Every structure is written in C-alpha cells, then in structure tokens.
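It should be emphasised that the depicted structure is a prediction, and the values quoted were computed from it without experimental measurement.
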Amino acid sequence: MSSKQHQGGSSGTPQGSERPLWSFPADGNSEWGTPDEMPQWAQTPVAFEAPPADLAPGPPEPKKEFGERQAYAGRSKRTGSRTDSAFRGARGTRNGATRSAGAKREKPAAEPVELSDEQYATKGRAILLRQLTASSKSRAQLLKKLLEKEIPAHIAEELLDRFEEIQLVDDNSFAESWVRSRARSRGLARSAIRRELRDKGIEGDMAENALEQLDEESEEATAKDLVERKLRAPSMGVDKDKSVRRLVGMLARKGYSPSMAFRIVNEAWEEQFGQEPS
C-alpha cells in the first residue's frame, strides 16, 4: 500500500489527521482508492475506537452562502407552509368552537303544565284573596281576573259561589259602597256612577237600588258645592261667558244634565260676583 500523502476524499480532509473509520469514503475515488484499499491511517488505534457506521454522525453540512435563506427548524419552505396552514386551520377551529360554545343557547320551549282541579282551585283561592285584600271588587271583576290567570271557568264559578256564601264577595254591598264613595270623593252624578257600575258588571235592579242613595236634592247640592269651589278664584269673574262654559263643561263630564248645570252655574256666579245672569 502506498505511503503517498493523499488529499482529502469526499470529506475533503487530508490523510494524517487521524480521522475515524466512519469517515472513510465507501464509494471510493482516485484519491483514496477503492474500499478494499484502506489507507494506512485507518489501521491506527483511533480508527478502531470509532463508533459503528450506523451510529456515527454524518458529515457536517456545507456552509450556506451569505443571504441564502435557511428553512426554519430544519423544515423546508413547503413543509413549513403546510404546518402553518394546519396551525391556522386548527386555531380557527378552536376559536369557532369557543364562539359557538360561548353563544347564548336558546332554551327549548317549555311544555304547558296541566294542573289538577284541586291545584287550580288552590291557585284560584290565592288570586281571589290577593284581589280582595287590595280593594273591594265585584263578582264580574274577580271572574275576569281568574280567567286571565287561566283558571278553568267551572272552577272559577265554584270558587266565587263559595266566596259569596261566606260573604267575601257581595255585589249588593259593593254597589252601595261604590255609589257613596264616587259621589263623595269625585262629586259624580247618578248617570256617571251608573255607567261605572255597568263596567263592573253591576246593572239592572241591583244598580238602581244602590243609586237610590242619591236623590235629586243631594245631587244638586253636590253640583253647587263643586261650582262654588271653582268660583273662589278671582279670575273666574273677569269673563262671565268663558267661566260659565268652563263650569258647565265640568259638570257635564261628571254626569249632570245641561239644564241643571246652566242653572246652578249662573246662580252661583251671581252670588259670588254680584251680577245679574244673562
């Protein structure tokens, strides 16, 4: 075997540098010779201490020229693109899932609960007691409220019959109390109070019996008192025609007849301001 100094083979390193066995070129070339013509340095102790070829590291990669872009973390541009796309897709999926999970979910419509007759009766009694505690009411008003609360009609009628038996519901008493209250607090005439009673389900003989508390004399006295209180303002004596129209309109809205209203207003205005009525 020649002792000639050989120039570097595939790794480019000259003989004599005590390179390990795994650096010997397996393909052979003109400088190193064929694989069976191993150079002299391969017989050295250093060469025999080298690791097996399958565990030996590969030769160092050639140095990149300045300005040449290297793939990130050893990945090619193509591989990196796929990875980035996959990452963006996964991130979009996660964000979409988060938005979907965070969105307000619509609750399914609850099916109506069917109560037994006893349960409806218990519910209806509580409604009646609350209504009567607030103020006195007629049977028609209470029936309307029960039906609004979806109490079956036959159960509502049975409850009202029972409440009438124990005198918690009494239309006669309610009508009489209503007539006294509205005539005293609002100064209403019988015709206006009659309309209010009709709206509350009380009419006919029951309403007329309650209205008998107000006779013509008491009704006229109430109207005169209303007019006199309005005439206490000095401005009412400046323009008689204007004042008369205003006061007559006020009495008409309270249910008094036009003839009674004009008569009472003219008399009261004369007494207050000392002028003859026209």
Side-chain angles (χ1 to χ4, degrees), residues 103-227 229-230 248-258 260-261:
K104 184 177 180 180
R105 298 180 180 178
E106 295 183 359
K107 295 182 179 180
E111 296 183 359
V113 179
E114 187 66 25
L115 303 180
S116 64
D117 286 357
E118 183 59 33
Q119 289 173 321
Y120 275 123
T122 301
K123 180 180 177 181
R125 280 193 292 269
I127 293 171
L128 291 176
L129 290 174
R130 286 197 300 270
Q131 291 294 314
L132 293 172
T133 300
S135 63
S136 178
K137 292 179 176 61
S138 66
R139 177 177 177 127
Q141 287 178 289
L142 295 171
L143 177 60
K144 180 180 179 181
K145 181 61 66 174
L146 290 174
L147 296 180
E148 288 177 354
K149 298 297 184 180
E150 300 181 351
I151 304 298
H154 70 282
I155 295 179
E157 294 289 355
E158 292 176 0
L159 287 172
L160 291 171
D161 290 342
R162 177 56 182 162
F163 272 58
E164 283 185 343
E165 291 178 6
I166 60 178
Q167 297 182 351
L168 288 177
V169 176
D170 187 344
D171 279 357
N172 286 311
S173 177
F174 171 80
E176 292 176 357
S177 176
W178 185 264
V179 170
R180 290 193 301 269
S181 173
R182 301 299 281 177
R184 181 176 60 253
S185 63
R186 298 293 303 278
L188 298 182
R190 285 177 295 180
S191 61
I193 299 176
R194 185 182 290 109
R195 289 193 298 269
E196 291 185 346
L197 290 175
R198 187 184 304 115
D199 293 339
K200 299 181 183 304
I202 298 175
E203 51 188 340
D205 293 341
M206 186 180 298
E208 296 303 322
N209 292 336
L211 289 169
E212 287 180 356
Q213 301 174 87
L214 302 179
D215 53 23
E216 187 173 350
E217 292 181 0
S218 63
E219 191 174 73
E220 185 170 335
T222 301
K224 186 176 181 180
D225 182 65
L226 289 172
V227 172
R229 281 188 288 174
K230 294 291 184 181
V248 169
M250 180 266 294
L251 291 179
R253 288 190 296 272
K254 293 182 177 293
Y256 296 92
S257 65
M260 178 186 290

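- Gly124 approaches Ile151 most closely through the heavy-atom pair N-CD1, 4.1 Å.
- Here the CG atom belonging to Leu115 is positioned 9.0 Å from the CD1 atom belonging to Ile155, to the nearest 0.5 angstrom.
- Residues meeting the side chain to side chain donor-acceptor pair (under 3.5 Å) test with Gln119, sequence neighbours left out: Ser116.
- Between Ile127 and Leu159 there is no side-chain heavy-atom pair separated by less than 4.5 Å.
- For Arg186 against Lys254, the heavy-atom pair with the smallest separation is O-NZ, 2.9 Å.
- Side-chain N or O atoms of Ser185 include one that pairs as donor or acceptor with a backbone N or O of Ser181 at under 3.5 Å.
- In this structure, Phe163 has no ring-ring contact (aromatic ring centres under 6.0 Å, His included) partners at least two apart in sequence or on a different chain.
- With 3.5 Å as the limit, one finds a donor-acceptor pair spanning the side chains of Ser135 and Lys137.
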| task | With side chain to side chain contact (heavy atoms under 4.5 Å, CB included) as the test, would you mind laying out the steps for Leu214 and Arg180 before giving the verdict? | result | CA-CA 8 Å; Leu214 302 179; Arg180 290 193 301 269; over 6 Å; no

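- With contacts defined as side-chain heavy-atom distances shorter than 4.5 Å, the pair Leu132/Val169 qualifies.
- Counting heavy atoms from C-beta outward, Phe174 and Lys200 have side chains that approach closer than 4.5 Å.
- Side-chain contact check for Glu203 versus Met206: every heavy-atom pair is 4.5 Å or farther apart.
- Contact detail for Leu197 and Ala207: the closest heavy-atom pair is CD1-CB, 4.1 Å.
- By the side chain to side chain donor-acceptor pair (under 3.5 Å) test, Arg194 is found to be paired with Glu208, residues two or more places apart in sequence or in another chain being considered.
- Interatomic distance, OH of Tyr256 versus CZ of Arg190, reported as 10.0 Å (0.5 Å rounding).
- For the atom pair CZ of Arg139 and CG of Asp170, the computed distance is 11.5 Å after rounding to the nearest 0.5 Å.
- Of all heavy-atom pairs between Leu143 and Ala156, the closest is CD1-CB, 3.8 Å.
- Put simply, the side chain of Lys145 never gets that close to the backbone of Gln131: no donor and acceptor are under 3.5 Å apart.
- Taking a 6.0 Å sphere around CD of Glu216, one finds it holds 12 or fewer heavy atoms contributed by other residues, nucleotides or ligands.
- Rounded to the nearest 0.5 Å, atoms CD (Gln213) and CD (Glu176) are 5.5 Å apart.
- For the atom pair CG (Leu128) and CG (Leu146), the distance works out to 4.5 Å, reported to the nearest 0.5 Å.
- Other residues, nucleotides and ligands place no more than 12 heavy atoms under 6.0 Å from the NZ atom of Lys224.
- Considering all non-hydrogen atoms of both residues, Tyr120 and Glu150 come closest at CE2-O, 3.5 Å.
- With respect to the salt-bridge test (charged N to carboxylate O, under 4.0 angstrom), the residues Arg125 and Glu118 qualify.
- Here the closest heavy-atom approach between residue Gly255 and residue Ala192 is recorded as CA-CB, 4.0 Å.
- Here Ser138 contributes atom OG and Asp171 contributes atom CG; the two are 5.5 Å apart, rounded to the nearest 0.5 Å.
- Of the N and O atoms on the side chains of Thr222 and Asp225, not one donor lies less than 3.5 Å from an acceptor on the other residue.
- Taking a 6.0 Å sphere around CD of Glu165, one finds it holds more than 12 heavy atoms contributed by other residues, nucleotides or ligands.
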